[in-house]
Amino acid sequence: MTVKDRVAVITGSGQGIGAGIAIELAKQGAKVVINDVNEQRIEETVASLNAEFGEGTAIGIKADITKQEEAKHLIDNTVEQLGKIDILVNNAGIAKDKTIRNLTEADWDNVLDVNLKGTFLTCQAASFHMIKQNYGRIINISSRAWLGFKGQANYSASKGGVVSLSRTLALELAKYQITVNTVCPGIIRTPLFEQIPEEGKENLMKLQPTKSVGEPKDIGYSVAFLASDKSSYVTGQTLFVCGGKSLFSSLSV
Ligand SMILES: NC(=O)c1ccc[n+]([C@@H]2O[C@H](COP(=O)([O-])OP(=O)(O)OC[C@H]3O[C@@H](n4cnc5c(N)ncnc54)[C@H](O)[C@@H]3O)[C@@H](O)[C@H]2O)c1
C-alpha cells in the first residue's frame, strides 16, 4: 500500500490507538504529526517514532481540537512545517459513561465537544488544503458503541454523529479526490482497557465473538488501507474493526 511520503495528522496520538495508527503509517513511509493535549505524551511518542523509523519521521504539535483556533493551528502548522497535509485521522476521543439519570450537562458537552465538534473542526481546517491540492484521505475514528450501549448515551450519540458527519463530508468532497471514511473499533487494549477490573473484562468478553481483545495496531492496519492511494474508490464507508461484536445486539451485560 502507498502512504510513502504522505503527510498524516493523527489527533490524540500521544498514546493508545492513535499511537498505534501513527506507528503503522510511519512504518509504511508516511511523515506523521503527533497531536495531543498532553505534552509529555507527544514528546515520548515523537521520540520513539523517530528512533524506530528515522529522524524526521514524526513531529509533535500540541493542540486542543475542541477549540477552533487550535484545530486550525494544528492543520496550518503541519502545512507550514511539512509542506502539505494528505491524511487526517481524527482519533482523539473521550468517554464519561453514566446512565441517563446521572448524566450531567457537562458530561454531555465535554464528550460531544471532543468526539464530534473536534472532528468537525479539524475536517473543516484540513479540507481547505486538501481541496487546493485536489487530494486527501480523512479517516474518522468512531466506535462500535455508536450502535448503542447502556451507560453511553453521550458517547454513542457523539460517535453516531461522527458516522453521519463522515458520510456527508464524503459526498461534499468526493469531486476533489478526497475520501472520508469511518473506522469503528471494538474493545482495544489501551491504558483505559487495562484499568478495568478482571470481572469487568470477563463480562465484556461474554459478548465478544472472537473472545479476544484487539490491539491498537489492528486499527492501524485498517486506517493504513483507507489512508493509502489504493482506497480511492472507497468513500463514505463505515468499517467495523471489532472482532465481530457489531454482529451482536448492543446489550451490555
Ligand atoms: N480503547 C477502545 O477500546 C476504543 C474502542 C472504540 C473506540 N475507541 C476510540 O478510539 C479513539 C482512541 O481511544 P484510546 O482508547 O486510544 O484513548 P486514549 O484515552 O488512550 O487516548 C486518547 C488521546 O486523546 C487525547 N485527547 C483527549 N482530548 C483531546 C483534545 N481535545 N485534543 C487533542 N487530544 C485530545 C488524550 O490526551 C489521549 O492521549 C477514541 O476516539 C475512542 O473513542 C476506543
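Each ligand, and each atom within it, is numbered from 1 in the order the structure gives. It should be emphasised that the depicted structure is a prediction, and the values quoted were computed from it without experimental measurement. Every heavy atom of this structure was used, including side-chain atoms; hydrogens, water molecules and symmetry mates were not.
To the nearest 0.5 Å, atoms CG (Asp36) and CD1 (Ile61) are separated by 12.5 Å. Separation of atoms CD1 (Ile42) and CD (Gln40) is listed at 11.0 Å; rounding is to 0.5 Å. Here OG of Ser13 is found 3.5 Å from CD1 of Ile34. Values are rounded to the nearest 0.5 Å. Rounding to the nearest 0.5 Å places CZ of Phe120 at 12.0 Å from CD1 of Ile65. Note that the OG atom of Ser231 and the CZ atom of Phe225 stand 5.0 Å from one another [nearest 0.5 Å]. Separating the CD atom in Gln177 from the CG atom in Asp229 is a distance of 12.0 Å, to the nearest 0.5 Å.
The cationic group of Lys201 lies under 6.0 Å from the six-membered ring centre of Phe193 and within 45° of the ring axis, placing it in a cation-pi geometry.
Listed by atom number, the atoms of ligand 1 under 4.0 Å from Asn35 heavy atoms are 33 (C). Listed by number with element, the atoms of ligand 1 under 4.0 angstrom from any heavy atom of Gly16 are 16 (O). Each of the following atoms of ligand 1 lies closer than 4.0 Å to a heavy atom of Thr190: 1 (N), 15 (O), 16 (O). If you number the atoms of ligand 1 from 1 as listed, the ones under 4.0 Å from a heavy atom of Gly93 come out as 40 (C), 41 (O). If you number the atoms of ligand 1 from 1 as listed, the ones under 4.0 Å from a heavy atom of Ser142 come out as 7 (C), 9 (C).
For ligand 1, the polar-atom distance check finds an N/O of Asp36 within less than 3.5 Å of one of the ligand's N/O atoms. Checking only distances, Pro185 never comes within under 3.5 Å of ligand 1, N or O to N or O. Considering backbone and side-chain N/O of Tyr155, one or more are found under 3.5 Å from N/O of ligand 1. Checked by distance only, ligand 1 and Asn38 stay at 3.5 Å or farther apart across all their nitrogen or oxygen atoms. For the pair Lys159 and ligand 1, the shortest N or O to N or O distance falls below 3.5 Å. Between Ile188 and ligand 1, at least one N/O pair is under 3.5 Å apart. Where the criterion is an N or O separation shorter than 3.5 Å, residue side chain and backbone included, Gly18 fails it with respect to ligand 1.
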Let me check something: any side-chain donor-acceptor pairs from residues 88-98 under 3.5 Å, sequence neighbours excluded? List them with distances.
{"from": "Asn90", "atom 1": "OD1", "to": "Thr122", "atom 2": "OG1", "distance (Å)": "2.5"}
{"from": "Asn90", "atom 1": "ND2", "to": "Thr122", "atom 2": "OG1", "distance (Å)": "3.2"}
{"from": "Asn90", "atom 1": "ND2", "to": "Asn140", "atom 2": "OD1", "distance (Å)": "2.9"}
{"from": "Asn91", "atom 1": "ND2", "to": "Thr11", "atom 2": "O", "distance (Å)": "3.1"}
{"from": "Asn91", "atom 1": "ND2", "to": "Gly12", "atom 2": "O", "distance (Å)": "3.0"}
{"from": "Asp97", "atom 1": "OD1", "to": "Gln152", "atom 2": "NE2", "distance (Å)": "3.4"}
{"from": "Asp97", "atom 1": "OD2", "to": "Gln152", "atom 2": "NE2", "distance (Å)": "3.0"}
{"from": "Lys98", "atom 1": "NZ", "to": "Asp107", "atom 2": "OD1", "distance (Å)": "3.4"}
{"from": "Lys98", "atom 1": "NZ", "to": "Asp107", "atom 2": "OD2", "distance (Å)": "2.7"}

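Counting only residues at least two apart or in different chains, salt bridge (Lys or Arg N to Asp or Glu O under 4.0 Å) contacts with residues 72-81 comprise Lys72-Asp76.
The side chain of Arg41, and not its backbone, has at least one atom closer than 4.0 Å to an atom of ligand 1 (non-hydrogen atoms only; side chain from C-beta on). Residue-level proximity to ligand 1 for Ala63 is carried by the backbone, the only part with a heavy atom below 4.0 angstrom. Under 4.0 angstrom from ligand 1, there are no non-hydrogen atoms of Asn115. Contacts with ligand 1 closer than 4.0 Å are made by heavy atoms of both the backbone and the side chain of Asp64.
Of the protein's heavy atoms, Ile94 CG2, 4.0 Å lies nearest to atom 27 (C) of ligand 1. Atom 28 (N) of ligand 1 has Val114 CG1, 3.8 Å as its closest protein atom, hydrogens excluded (heavy atom only). The protein non-hydrogen atom at the shortest distance from atom 18 (P) of ligand 1 is Gln15 NE2, 3.4 Å. Looking at atom 22 (C) of ligand 1, its nearest protein heavy atom turns out to be Gly12 O, 3.9 Å.
With Ile141, Ile10, Asn91, Ile17 as candidates, the residue nearest to atom 41 (O) of ligand 1 on a non-hydrogen basis is Asn91.
The environment of NZ in Lys175 is sparse: at most 12 heavy-atom neighbours from other residues, nucleotides or ligands sit within 6.0 Å. The environment of CD in Gln28 is crowded: more than 12 heavy-atom neighbours from other residues, nucleotides or ligands sit within 6.0 Å.
Within a 4.0 Å radius of atom 10 (O) of ligand 1, the protein contributes one or more non-hydrogen atoms.
At least one heavy atom of Gly186 sits less than 4.0 Å from an atom of ligand 1. Using 4.0 Å as the threshold, Arg144 has no heavy atom nearer than that to any atom of ligand 1.
Salt-bridge check for Glu24 with Lys27: passed, with a basic side-chain N closer than 4.0 Å to an acidic carboxylate O. Between Glu43 and Lys62, no side-chain nitrogen of the basic residue sits less than 4.0 Å from a carboxylate oxygen of the acidic one, so the salt-bridge criterion is not met.
If you check the side chains of Asn77 and Gln81, you find a donor sitting under 3.5 Å from an acceptor.
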